[in-house]
Amino acid sequence: MLFQVTVRVDVAKMAEFGAKLQSGALDRSAIRGETYCLADDPAVGFSVWEAADRSAFEAVFSAWKPYYAESEARELISPAEAMRRLAR
């Protein structure tokens with residue numbers, strides 16, 4: 001399953017978050033590609049994550065949550081699946 005993850009970084013925890021990222025302490029294996037941030041609000045970022053199912057996603061993402069003031073994960077589908085659903 002693919003998830004679009006949108007987060008707002010907790011600015012008060014930026015130093016700790018950065019240290020965890022630099023040391024490799026946070027598992028990045030589920031993240032596909034880069035994380036992009038909004039130009040007019042750089043504390044907000046989004047990325048695509050992949051996991052076998054929602055519980056597998058939550059297991060990996062749970063280590064990241066303490067560094068976010070807000071987070072949302074929405075399931076993504078392929079364009080082909082979208083066309084099938086729209087044609088119903």
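Note that CZ of F3 and CD of E58 are 8.0 Å apart. Values are rounded to the nearest 0.5 Å. The distance from the CZ atom of R84 to the CD1 atom of I77 is 8.5 Å, given to the nearest 0.5 Å.
For residues 15-35, the salt bridge (Lys or Arg N to Asp or Glu O under 4.0 Å) pairs, not counting sequence neighbours, are R32-E50.
Side chains of F61 and I31 form no contact here, defined as non-hydrogen atoms less than 4.5 Å apart. No side-chain heavy atom of Y68 sits under 4.5 Å from any side-chain heavy atom of V5. Put simply, the side chain of F46 reaches to within 4.5 Å of the side chain of T6, judged on heavy atoms. Residues D41 and R8 are in side-chain contact: their nearest non-hydrogen atoms beyond the backbone lie under 4.5 Å apart. Annotation: side chain of L76 is in contact with side chain of V48 (closest heavy-atom distance under 4.5 Å). The closest side-chain heavy-atom distance from L2 to E75 is not below 4.5 Å. Inter-residue side-chain proximity for F17 and L26 is flagged as met; some heavy-atom pair is nearer than 4.5 Å.
Under a hydrophobic-cluster definition in which Ile, Leu, Val, Met, Phe, Trp and Tyr are linked whenever side-chain heavy atoms come within less than 4.5 Å, directly or via other members, V11 and L38 are assigned to different clusters. The hydrophobic clustering, which links ILVMFWY residues whose side-chain heavy atoms are closer than 4.5 Å, places V7 and V44 apart.
Crowding of M1 atom CE: a count of heavy atoms from other residues, nucleotides or ligands under 6.0 Å exceeding 12.
In terms of heavy-atom proximity, S62 sits nearest to P66 at O-CD, 3.4 Å. For the residue pair A52 and A56, the shortest heavy atom distance occurs at N-CB, 4.1 Å.
Checking W49 against S47 by side-chain atom types alone, a donor-acceptor pair falls below 3.5 Å.
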